[in-house]
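Presented below is the structure to which this report refers.
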Protein chains: 2
Amino acid sequence: MAKKEIVTIKDVAREAGVSVATASRALGGYGYVSKEAKSRVLEAARKLGYNHNLVAKSLRTRKTYTLGYLLPDIANPFYAGIARGIQDVAFEQGYSVIICNNDNDITKTERFLKMFIRNRVEGIIYSAPFNQALKEMAETAIANGIPVVNCYGSTRVAALDTVTGDAEGGCYKAVRHLLELGHRKIGFLKVRGSGISKRRFAGCKRALEEAGVEIFPELVVEVSDYSQASGYLGAKMLFARKELPTAVFAFSEQLAIGVLKAARENSISIPERLSLIGVDDVIGEVLEPPLTSVKIPTYEAGKAAATLLLERIEKQIEENSREVVLEEKLIVRESTKAPER
Amino acid sequence: MAKKEIVTIKDVAREAGVSVATASRALGGYGYVSKEAKSRVLEAARKLGYNHNLVAKSLRTRKTYTLGYLLPDIANPFYAGIARGIQDVAFEQGYSVIICNNDNDITKTERFLKMFIRNRVEGIIYSAPFNQALKEMAETAIANGIPVVNCYGSTRVAALDTVTGDAEGGCYKAVRHLLELGHRKIGFLKVRGSGISKRRFAGCKRALEEAGVEIFPELVVEVSDYSQASGYLGAKMLFARKELPTAVFAFSEQLAIGVLKAARENSISIPERLSLIGVDDVIGEVLEPPLTSVKIPTYEAGKAAATLLLERIEKQIEENSREVVLEEKLIVRESTKAPER
DNA sequence: GTGAAAGCGCTAACAC
DNA sequence: GTGTTAGCGCTTTCAC
């Protein structure tokens with residue numbers, strides 16, 4: 001792997017018999033260059049195997065065409081979907097993106113922020129839940145002139161451009177669906193201290209109240225996080241109540257999978273004896289039964305976030321903090337049906 | 001967002017009352033600097049809010065500490081697992097990684113390669129299936145002195161460092177398991193033209209031959225890709241045979257899910273009337289029934305690939321092409337049981 | 001130990 | 001339209 005001599009713009013210029021300035025203009029495709037000179041330069045570049053050095057260009061122009069994306073874990077399909085959306089619009093506009101998994105850890109968050117700044121990323125998107133380092137990160141970035149966009153991440157940070165879903169509306173639809181099927185005793189699995197869980201529940205309440213249907217406080221259980229294990233635990237608690245609900249609405253897909261497992265263990269068949277709805281809809285389709293759920297449009301969210309960010313970078317945006325709210329659709333599958341009587 | 005003045009090493013030097021050379025040495029932590037000068041510099045940097053400019057540093061040192069990772073789609077959990085592994089070891093050693101989704105598309109592959117080279121990534125990992133552009137990409141990169149590592153990607157390219165799983169061994173175990181349960185008529189779902197599919201089948205054959213069990217050619221169906229749809233199709237074909245197999249081994253999880261669906265439609269209960277084994281094991285656990293499968297250690301593969309690559313970058317490696325073969329374990333769950341008689 | 005100065009590869013005034 | 005030249009911010013001889 002003998003590193004062959006790197007050919008620079010100088011070499012190209014010499015080969016083409018022009019100055020570096022002309023070569024630069026020809027290669028960059030701007031400024032005044034005669035057709036003739038341009039084609040000679042391009043030909044020379046091809047011949048020598050020239051590769052534009054973006055490091056040098058960045059240093060000179062102060063544009064790195066690089067974005068940073070901070071998320072908890074790329075192996076989580078929810079975030080991977082967002083990442084894909086971000087990358088697609090970024091690449092389309094000539095930007096590359098550096099993805100960092102913070103595992104919701106403070107130290108990592110700090111380290112990655114520092115890395116972002118040192119690498120001179122031109123903007124940052126985050127999808128992480130709140131922690132102190134995240135907040136400081138956003139503030140530091142802004143202070144350094146690097147715009148930050150929040151995409152389905154914690155809202156407990158500075159006023160930023162934000163992309164979220166209409167959690168309230170999505171859940172409203174889900175409960176309406178249950179109501180229309182005839183359910184009157186609905187259990188809920190929400191997450192303690194989660195802002196989005198709160199908004200989801202608000203949507204549920206609205207649907208219930210509109211229909212004049214009672215909320216059973218003992219059927220509303222709060223768990224500590226959105227994991228499968230928590231769903232399992234929550235379901236077990238629910239199943240221990242005097243009276244079983246006829247439907248359960250779990251505020252994440254993992255929670256719903258936990259419910260599924262618990263139900264199987266207790267021989268509670270879904271949807272016959274219990275209807276079940278989840279949120280996210282990453283693998284809902286392949287579950288058994290296929291899960292009715294509120295779909296979070298992760299890919300679209302990523303696209304929206306990147307669009308917001310690139311606008312900030314390339315244009316002068318006057319508004320202080322913009323917000324994109326994406327519709328969350330209800331996907332009806334086989335885990336919900338009318339309750340037995 | 002008034003971009004505040006960027007503080008450079010010059011500012012730090014002035015503030016600390018030393019030359020830029022000394023400041024650079026102090027900040028970089030190498031060369032001779034007196035303790036006293038060093039602490040003054042560090043203090044000045046802190047005070048001014050100095051951020052090391054890696055773009056400038058890269059230009060000067062020709063080290064960008066950046067890696068490129070080319071995969072079909074980050075939203076596919078299989079690749080996301082690899083990506084996570086790569087990132088973890090990369091970040092640990094101070095490298096960041098740019099991830100590009102080629103969707104197995106030639107144009108995109110070319111574009112991303114060009115981007116990699118222009119950004120002066122120091123190494124490339126790919127997990128993509130073969131296409132002509134990929135092959136050229138690898139060759140061009142190598143020619144430019146950029147090492148390339150193949151991680152569960154096409155082997156039909158130049159002799160490179162490679163990470164794969166012991167596909168043969170994993171499948172051997174799977175078939176042994178079936179055999180031990182008492183299965184004698186086993187169906188296979190493999191993919192036409194896939195090198196890895198061939199290796200998988202070789203492992204199956206070995207187990208069968210060792211046990212002196214016949215292979216039924218009409219129960220070996222070849223489909224066009226690893227998708228769910230193909231699994232569904234393949235299963236339908238299998239179910240149309242004169243005699244049903246008592247077990248099916250599908251060479252991907254998506255294929256297995258397709259089989260699951262087809263079986264459900266035909267009221268063939270799994271595992272009672274048909275045992276099923278898949279490969280990958282990304283969501284196998286939450287399927288119904290939980291899927292017995294050959295687990296591909298994606299995270300470990302990513303780590304191994306990054307390790308191989310960083311060794312190439314940082315050390316002098318004499319060997320031409322190294323290979324890491326990861327063990328593929330069989331995870332026994334509930335989709336397999338003894339055949340009814 | 002420290003500083004002066006050259007230069008990484010490129011762009012962008014500015015002069016011609 | 002084209003060339004000269006001065007940096008972008010940093011590291012790194014080399015002399016002191």
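Here is the naming used below: chain letters follow the sequence lines, and residue numbers restart at 1 for every chain.
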Any donor-acceptor pair under 3.5 Å linking the side chain of A:Gln87 with the backbone of B:Ile99? yes
B:Asn53 atom CG is separated from D:dG7 atom C1', nearest whole Å, by 14 Å
So that I can tick it off, tell me whether A:Asp88 and A:Lys303 are bridged by a salt bridge, with the cut-off set at under 4.0 angstrom between side-chain N and carboxylate O. no
Here the distance between atom P of D:dA6 and atom CG of A:Leu59, to the nearest Å, is 17 Å
Check against side chain to side chain donor-acceptor pair (under 3.5 Å), A:Ser127 and A:Tyr69: CA-CA 8 Å; A:Ser127 298; A:Tyr69 178 41; 2.6 Å; yes
When all nucleic acid strands are considered with a 4.0 Å heavy-atom cut-off, which category describes A:Val55: base, sugar-phosphate, or nothing? nothing
Nearest-Å distance for atom pair NZ/C1', residues B:Lys63 and D:dC10: 16 Å
Indicate whether OP1 or OP2 belonging to C:dG9 is found under 4.0 Å from a side-chain N or O atom of A:Thr8. no
Shortest non-hydrogen separation from A:Val148 to A:Leu309 and the atoms involved: N-CD1, 4.5 Å
Separation of atom CZ in A:Arg62 from atom C1' in C:dT11, rounded to whole Å: 12 Å
Nearest-Å distance for atom pair NZ/P, residues B:Lys38 and C:dT2: 12 Å
Report yes or no: do B:Tyr95 and B:Glu314 form a side-chain donor-acceptor pair below 3.5 Å? yes
Send over the distance from A:Asp11 CG to C:dG9 P, rounded to a whole Å. 9 Å
Figure out the CG/C1' separation between B:Asn119 and C:dG9, and round it to whole Å. 14 Å
Given B:Asn101, B:Asp103, B:Asn102, the one that forms side-chain hydrogen bond (donor to acceptor under 3.5 Å, both in side chains) with B:Lys108: B:Asp103
Answer yes or no: does a side-chain N or O of A:Ser34 lie under 4.0 Å from OP1 or OP2 of D:dT2? yes
N/O contacts under 3.5 Å, protein versus nucleotides 11-14 of chain D?
unit_1	atom_1	unit_2	atom_2	d
D:dT11	OP1	B:His52	NE2	3.0
D:dT11	OP2	B:Ser24	OG	2.5
D:dT11	O2	B:Arg60	NH1	2.3

Indicate yes or no: does A:Glu36 engage A:Arg40 in a salt bridge with an N to O separation below 4.0 Å. yes
Between D:dT5 (P) and A:Lys10 (NZ): distance, integer Å: 13 Å
